[in-house]
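Residue numbering restarts at 1 for every chain, and letters A, B, ... go by the order of the sequence lines. Keep in mind that the numbers below use all heavy atoms, side chains included, and drop hydrogens, waters and symmetry copies.
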There are 2 protein chains.
Amino acid sequence: MNKKQVTLKDVARLAGVSTATVTRVLRNESLVTEKTRKRVEQAIQQTGYRINIVAQGLRARQTKTIGHILQGTAPNPFFIGVALGAEQEALYHGWSILAFNVQHDPERERSGVETFIQRRVDAILFTTPLCEENVRIALEAGLMVIQVERPTALSTPTVTADNYAGTVEAIEHLITLGHRRIAYLGEIPPGPAERKAQPYRNRIEHERFAGYCDTLAHHQIPLDIELIILDRFYTSADNGLSAGYHAMQKLLRSGKRPDAVFATSDIIAAGVLQALYAVHLSIPEDISVVGFDNTYSPYLSPPLTTVEQPMEQMGRAAVQMVIRHFQQHQQEEPTHIRLTTRLVVRGSTGPRKRLS
Amino acid sequence: MNKKQVTLKDVARLAGVSTATVTRVLRNESLVTEKTRKRVEQAIQQTGYRINIVAQGLRARQTKTIGHILQGTAPNPFFIGVALGAEQEALYHGWSILAFNVQHDPERERSGVETFIQRRVDAILFTTPLCEENVRIALEAGLMVIQVERPTALSTPTVTADNYAGTVEAIEHLITLGHRRIAYLGEIPPGPAERKAQPYRNRIEHERFAGYCDTLAHHQIPLDIELIILDRFYTSADNGLSAGYHAMQKLLRSGKRPDAVFATSDIIAAGVLQALYAVHLSIPEDISVVGFDNTYSPYLSPPLTTVEQPMEQMGRAAVQMVIRHFQQHQQEEPTHIRLTTRLVVRGSTGPRKRLS
DNA sequence: CTGAAAGCGCTAACAC
DNA sequence: GTGTTAGCGCTTTCAG
């Protein structure tokens, strides 16, 4: 281990040229004779030289590294999807990603930002910033910042998904199948005041709930508060699995069983399926279930119909913004990318077969 | 963006000392007067100085960065678990992890190794090396290498799990519940020749299958080849989900339904549950199911009994080896860490209630 | 077309 | 105790 590293100087010496010339060959610059180039390339081969990106980074004051702050890859695969997309895209451009799972802890988010600054990343992706202050710190350190999924009010480029359209599509699907009593299990949407204060922050909850309400209204189906269960699903210890279970139990106890359930994450939906399994109800014969995300859905019994979030694309788009920013050196206005969701129909939804 | 970075020199100037003194304060060395230290600390505060780890790394020829090559976090959460553990442990010591998902592609694994070398990581973790050649390249570049889960024959430190004991525990559990006809769904184990050639490589498959056979033998239950389905589950497109489904269908068609099914991953088990759901069999009343990994298991219906792999611990252990190696400078023999699994009993296993 | 040399930001050896 | 300085490996003027 730790044999002596081959440096540019070694290559130069072997090729009988200066280090400047070696650099020129490496960077494919034109002002080198074919003969010298050959000689240098041979020397590179012989020595097994590998460029030192650390030294390059120091010199260029650019590390081609992006820091990615995630709320936690485990157990919610949503974040994995985004991370994977970001990684692939970065790779493609010769960049790297430094990831940091903060597991909903603002302290850790803070220390992630600090680490990234010290490591001189060129940009930070927040896949859901927890704390506006931490975004500000990154910005003040002169870093490019991209906010993904739930941006704060700070002005940076953002990448979000169109949750409204996705929800509408799901509810329409259920209505088309003949369902009328459609339950909604989701995070508490923001009130009007909250929405004013943080227009983007809680947009997801607002859009999902609004999509539900609007679609029912559009079909003259009255809202039934007994069918609406709003809770803090996402931040509970198991990301809403047991909360989904209990919510479904509550719906079953209430007497008038719903025709269908729309849950705003696959994890919540997984809890719903468990509750239905426990009382031997059949899906979709007795009740249809729709999830959101397309993470756990393929693995459940039956495979779950769900609104797919474009996770990988979200990661890719964020990284593309970074790369583009560093390619064209002029300052441009923060871009806001909004990607579309897609309904994936599987076995958990169908026409009602039996009467309740 | 890109305001001028504050450097040591700036701090030194403001504090009216030399850069060496600032370094001494930063590294908490003793040979500084309390007064100077105060002054320097104030200057650091005022300027908002943050150490430049890139420059540090160049100088020290140590980046405090670990490259982590994974087969793919999506969709198998096993890798996420390992990655998360590695990340946490690294963080704790002020190190960072650069991750690279290679998705079972040896080319990508190769390019991951090259990237890591160029970025001058201090060590590479392979969570399942794909290709021995790539491990060798890393070793030849003078990097510390740790092989996790399925080491090649190359001599490096390794981290593995005791798959034999885990399997024995699971089968014992099923036998205790009164089951006799226990099916085995798993990867094809190596033949004796293969085992000789690559003693560690296919150890997992061998251990799991041997654990199954030995436990049955121990209870005088004869092996029934109709109950054993060996296949290339792990490398199929969906990690064995549909293969698990079809394997279960085949078992059901064969007439003599098994009392219980042992699947060597939660994903395969998820496919098994789907097949059972489709024919309206009840779990565990009609048949018990056990998985492996403890990844998807909590989300399935019913929640799956499974053999938990110590994923996070595996990641942590690997990183700890790296840190320890760089703390104590002497060369030591490669360590081999073997962690234990744990049976997590949930709702998918129970005494047989009905007769088939 | 090629080379010499300065400097990116930090640290450690050596001098005072 | 504190300062001076060389140098980690690379790139980029500026000369030649």
Side-chain angles (χ1 to χ4, degrees), chain A residues 2-41 43-44 47-65 94 117-122 141-142, chain B residues 2-41 43-44 47-65 94 117-122 141-142:
Chain A
N2 276 334
K3 21 176 126 170
K4 208 167 140 275
Q5 294 289 341
V6 183
T7 71
L8 259 194
K9 226 194 263 176
D10 301 320
V11 177
R13 195 176 317 128
L14 183 62
V17 297
S18 74
T19 57
T21 303
V22 180
T23 291
R24 289 190 188 106
V25 172
L26 285 172
R27 328 207 98 219
N28 253 318
E29 282 168 24
S30 43
L31 327 90
V32 193
T33 345
E34 205 41 45
K35 223 173 87 190
T36 354
R37 158 160 286 136
K38 277 263 136 40
R39 209 136 41 86
V40 171
E41 275 165 357
I44 291 176
T47 51
Y49 170 74
R50 282 177 181 107
I51 206 159
N52 183 333
I53 298 190
V54 179
Q56 246 186 355
L58 179 62
R59 165 79 223 213
R61 270 99 132 263
Q62 216 222 65
T63 53
K64 297 197 177 215
T65 304
I117 294 176
Q118 296 188 352
R119 290 199 172 252
R120 296 298 188 269
V121 301
D122 297 322
Chain B
N2 276 333
K3 20 176 129 171
K4 210 167 136 273
Q5 293 289 343
V6 182
T7 72
L8 258 194
K9 227 193 260 176
D10 300 320
V11 177
R13 196 176 317 129
L14 182 62
V17 297
S18 75
T19 58
T21 303
V22 180
T23 291
R24 289 190 188 108
V25 172
L26 285 172
R27 328 205 98 220
N28 254 319
E29 282 168 24
S30 44
L31 328 89
V32 193
T33 346
E34 205 42 45
K35 224 173 85 191
T36 356
R37 159 162 285 137
K38 275 265 138 36
R39 213 138 36 90
V40 170
E41 275 165 357
I44 292 176
T47 52
Y49 170 74
R50 283 176 178 106
I51 206 160
N52 183 334
I53 298 190
V54 179
Q56 248 187 353
L58 178 62
R59 165 79 223 215
R61 271 102 130 261
Q62 215 220 67
T63 53
K64 297 198 175 213
T65 304
I117 296 176
Q118 296 189 351
R119 289 199 173 252
R120 296 299 189 270
V121 301
D122 297 322

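Of the candidate nucleotides dC8(C), dA13(C), dC10(C), dC10(C) has the atom nearest to the side chain of Ala55(B). The Tyr49(B) side chain lies nearest to dC10(C) when the options are dC10(D), dA4(C), dC10(C). Of the listed nucleotides (dC8(C), dG3(C), dG3(D)), dG3(D) has the atom at the smallest distance from the side chain of Thr21(B). Here the side chain of Val32(B) is nearest to one of dC10(C), dT2(C), dT2(D), namely dT2(D). Of the candidates dC1(C), dG3(D), dC14(D), the closest approach to any side-chain atom of Thr33(A) belongs to dC1(C). Taking the side chain of Arg27(B) as heavy atoms from C-beta on, and the options dC8(D), dC10(D), dA12(C), the nearest nucleotide is dA12(C). Taking the side chain of Ile51(A) as heavy atoms from C-beta on, and the options dT11(D), dC10(C), dT2(C), the nearest nucleotide is dT11(D). Of the candidate nucleotides dG3(D), dG9(D), dG9(C), dG9(C) has the atom lying nearest to any side-chain atom of Thr7(B).
dG3(D) atom P lies 8 Å from atom CZ of Arg24(B), rounded to whole Å. Note: CZ (Arg37(A)) to C1' (dT2(C)) measures 13 Å, nearest angstrom. For the pair Leu58(A) CG and dG7(D) P, the interatomic distance rounds to 17 Å; values are reported in whole Å. Look at CZ on Arg13(A): it is 12 Å from P on dC10(D), rounded to the nearest Å. If you take CD of Gln56(B) and P of dA12(C), they are 9 Å apart, rounded to a whole angstrom. In this structure, Asp10(A) places its CG atom 11 Å from P of dC8(D), rounding to the nearest Å. In this entry the distance linking CG of Asn28(B) with C1' of dA12(C) reads 17 Å, nearest Å. Taking atom CD1 of residue Ile53(A) and atom C1' of nucleotide dC8(D), one finds them 17 Å apart after rounding to whole Å.
Between Leu8(B) and Tyr49(B), the closest side-chain pair of non-hydrogen atoms falls below 4.5 Å. Side-chain contact between Ile51(A) and Gln56(A) is present, with at least one heavy-atom pair separated by less than 4.5 Å. A 4.5 Å side-chain heavy-atom check between Val32(B) and Val40(B) finds every atom pair outside the cut-off.
Across all strands, Val17(A) comes closer than 4.0 Å only to sugar-phosphate atoms, never to a base (heavy-atom distances).
At the phosphate of dG9(C), OP1 or OP2 sits under 4.0 Å from a side-chain N or O atom of Arg61(A). Distances shorter than 4.0 Å separate some side-chain N or O of Thr23(A) from OP1 or OP2 on dT11(D). Listed pair Gln5(A) / dG9(D) fails the phosphate criterion, with no side-chain N or O lying under 4.0 Å from OP1 or OP2.
Not a single donor-acceptor pair under 3.5 Å links the side chain of Thr21(B) to the backbone N or O of Val17(B).
Heavy-atom nearest nucleotides on DNA chain C were determined for Thr36(A) and for Thr19(A), and the one closer to the 5' end corresponds to Thr36(A). Residue order along DNA chain D, read from the 5' end via each residue's closest nucleotide, puts Gly16(B) first among Gly16(B) and Arg59(A).
Across all non-hydrogen atoms, the minimal contact from Leu58(B) to Ala55(A) is CD1-CB, 3.7 Å.
Checked against salt bridge (charged side-chain N to carboxylate O under 4.0 Å, His left out), Arg59(A) has no partners two or more places apart in sequence or in another chain.
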